[in-house]
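Only one structure is covered here, and it is reproduced in the block below.
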Amino acid sequence: MQILLIHSDYIAYEVKKETPVAEKIDEQMRFGRLDEALTVFIAVEKSDESDPEKAVASTLDEIKNVASQLKAQNIMLYPYAHLSSSLSSPKVAIAVLKNLETALKDEFTVKRAPFGFYKAFEIKCKGHPLSELSRTITVDETITPKAAAKEEIVSEAIKAEEKAKSYWYVLKPDGQMQTFEDFNFTGYDNLKKFKNYEVSKSREVDRTPPHVELMRRLEIADYEPGSDSGNMRFYPKGRMIKSLLETYVLERSAEVGAMEVETPIMYDMNHVTLKKYLDRFPARQYSIEADKKSLFLRFAACFGQFLMNHDMTISYRDLPLKMIELTRYSFRKEQRGEVVGLRRLRAFTMPDMHTLALDMEQAMLEFKQQYDMCISVLKDMGIGLEDYEVAIRFTRDFYEANKAFIIELARIVDKPVIIEMWDQRFFYFVLKFEFNYIDALDKASALSTVQIDVENAERYDINYINEHGNAKHPLILHCSPSGAIERIIYGLLEKNYMITRSGGVPMLPVWLSPTQVRVIPIAERHRETAGEIVHMLGCRVDIDDRDETVGKRIRDAGREWIPYVAVLGDEELAKGELTVTIRSQSEPKKPKKVKMKAWDLSARIQTDIAGLPYKSIPLPVYLSTRPKFV
RNA sequence: GCCGCCGUGGCUUAGCCUGGCAGAGCGACUGAUUCGUAAUCAGUAGGUCGUGGGUUCAAUUCCCACCGGCGGCUCCA
């Protein structure tokens, strides 16, 4: 059975001429009209004859499902032979149509156009994305109901067909590749969640993501109603965390030889090279009109760097050649329903590194090194291998030529990874990986990624001169060592929410904690010494000098996830030490308290943050003079 | 873009179904308290009930539109 569903403002028909297969009808069926109707064009097929009842039942499910999504109350059943080239007998078709009508009448206002007539009809389609759907319903047992019901939006048909050519596998570290059906997901909960999210698109969530509450309560970031959605404001603590993460990624990139550059955030939509690129993609960019020019805000740093590469004189001896830009911002005009907290933004900060490589051999070597780097970068940021799942995607040709290389990638992370393989190359790359973070609501979001681009060097006419003096196009690797910086913060917050939920104590890595040590002087007479300790510690220290009880101030420090809380009273003053609560070794209701000298605490913190970027405290040291942002 | 839920002092929210003076906790401010490890006590101020229309003698409450948030669908270079 083939059906075509149109969500219409109205549908009206009028019988014109009888055909030889016409059913008998009475006068009132000669005309029909329904407003606000889901119109269902139906062709009953030969294959339905083996089990017409099942065909009716499956079709009913589909219609009801769509009608409920659209909140449609009126249904027009409209026989439409042209949907299929293999029609059933008229007798079966009429029976099926009548059964459908009867079954739907309980819940809906139903009209049925008569079978076997030439009819004039008029329909006004609403035109929204779900307003045109087609379904193939089959009674053949060998096809699963899910595959049979595979949704396909008519206008997107070609795209959907391309997507259908994805082959999915799980690759184990030992090199064994299995289909999803064969792989035993037991013990691989996150991998299963990622698979479900990626492939089945299964979602069971109906609440605000936990990091949204945390980003506000911890005064990291917030919505800005005065801007466009997905453009956030960052409070001092959030700005500091972002700044540290940004600095860190740039430092790591510099270590591997990337040159930092800066390029414009807006580009001419009619620039010859860019135009070709843009035309391939739907309008997802912010556009600006200025001085008779049409400009768009960049959605990645590729343009600026590629245009720069185009003008450069590059020798084969300069390769691999790396450049990085940290975009503040990249803009993507995501659809309104897609923008959520810090997970998906319309303006986001992204390190975008590009490597020009001599040939595939060099590109693959770089690819592997950058893969290793991404793992290490995320680890330092507080996101470990256990927090994300690896997806590796490639073309079949690439795989056939480089099986051992792919297996090595799975071996490095020492856990099963998801594989997506395409028969043909649809995108600009032949190989890519992403690390996908799995959050508290089982949603997956890509963090680090590296891609081998075989297309853009030619498009942007980027060349290097080889040893024979000939101009050659290099391969280009795209790499974001961390993914969007905001998304790292999202990941850290979600991770700590999950830690709290499972009975742990949440905290950020010490190098990212806005306050590293909070000093709590017990009474007024201890405040002066507290001020001296700040200088001795030499890290981000603040003093809770508010007129509150000790209990209250301890609690507040805990709610801010402060790694070290130092209490200072008569006892400590006498002995010249501090009573320090060490958050990383505490359990809920069981704080780990240690007496230590100020310089021991200082040394301990220096160990925690060794080799990582540092910035001074982003807020007034004395809490009594500190404003509230939220 | 489509569908659904939500929007009440800075924050969290009660009240809305069944129209009739808008209530609380936290925070802020003032005062008392100078305190030993997850919320000290008392008082004061603070509200265009998201915005705009409509219905009504009367709208935070009912209806419509818009804006914003969240979720789902779609999308994700």
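Just so we're on the same page: letters track the sequence lines, and every chain starts at 1.
Every residue two or more places apart in sequence or in another chain was checked for a salt bridge (Lys or Arg N to Asp or Glu O under 4.0 Å) with Glu577(A), and none qualifies. Scanning for ring pair (Phe, Tyr, Trp, His ring centres under 6.0 Å) contacts around Tyr490(A) gives His211(A), Tyr437(A), with sequence neighbours left out. Residues that satisfy the salt bridge (Lys or Arg N to Asp or Glu O under 4.0 Å) test with Lys64(A), not counting sequence neighbours, are Glu107(A). Looking at residues two or more places apart in sequence or on another chain, you find a side-chain hydrogen bond (donor to acceptor under 3.5 Å, both in side chains) between His354(A) and Gln305(A), His478(A). Among residues two or more places apart in sequence or in another chain, the salt bridge (Lys or Arg N to Asp or Glu O under 4.0 Å) test is passed with Lys593(A) by none. With sequence neighbours left out, Arg233(A) forms a salt bridge (Lys or Arg N to Asp or Glu O under 4.0 Å) with Glu224(A).
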Requested in this report: Can you run through RNA chain B from 5' to 3' and write each base as (, ), [, ], | or . depending on how it pairs? Watson-Crick or G-U wobble, both distances under 3.5 Å.
Outcome: ((((((((.[[[[.)....(..]]]].(((((.......))))).....[[[[[..)....]]]]])))))))....
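The aromatic ring centres of Tyr329(A) and Phe348(A) sit 6.0 Å or more apart.
Of the side-chain N and O atoms in Lys443(A), none sit less than 4.0 angstrom from OP1 or OP2 of C76(B). For Arg525(A) and C35(B), the shortest distance from a side-chain N or O to OP1 or OP2 is below 4.0 Å.
Contacts classified as salt bridge (Lys or Arg N to Asp or Glu O under 4.0 Å) and involving residues 480-489 of chain A (residues at least two apart or in different chains) are given here: Lys242(A)-Glu486(A). Within the structure, salt bridge (Lys or Arg N to Asp or Glu O under 4.0 Å) contacts touching residues 428-438 of chain A (residues at least two apart or in different chains) are Arg393(A)-Glu434(A), Lys432(A)-Glu434(A).
Rounded to an integer number of Å, the gap from Arg298(A) CZ to A77(B) P is 19 Å. At whole-Å resolution of the value, CZ in Arg559(A) and C1' in U37(B) are 17 Å apart.
Candidate nucleotides U37(B), G71(B), U34(B) were compared by shortest atom distance to the side chain of Lys593(A), and U37(B) ranks first. Each of G68(B), G71(B), C76(B) was ranked by its minimum atom distance to the side chain of Ser229(A); first place goes to G68(B).
Base engagement by Asp570(A) is indicated by at least one non-hydrogen atom pair under 4.0 Å involving a base atom.
Classification of the Phe367(A)-Phe433(A) ring pair by plane angle, with boundaries at 30° and 60°, yields perpendicular.
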Close N/O contacts between protein and nucleotides 42-46 of chain B (under 3.5 Å):
none

Quick test: give all pairs of protein nitrogen or oxygen and nucleotides 8-12 of chain B nitrogen or oxygen below 3.5 Å, distance rounded to 0.1 Å.
from: U12(B); atom 1: OP1; to: Arg216(A); atom 2: NH1; distance (Å): 3.4

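No donor-acceptor contact under 3.5 Å links the side chain of Glu224(A) to the base of G68(B).
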Report summary line: 5' to 3', nucleotides 24-33 of chain B under a 4.0 Å protein heavy-atom cut-off (B base, S sugar-phosphate only, - none) gives ---SS---BB
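Glu560(A) and Thr515(A) share no donor-acceptor pair across their side chains, judged by distance under 3.5 Å alone. Side-chain N/O atoms of Tyr167(A) and Asp423(A) include a donor and acceptor closer than 3.5 Å.
Using P as the reference atom, U12(B) and G19(B) are 29 Å apart when rounded to the nearest Å.
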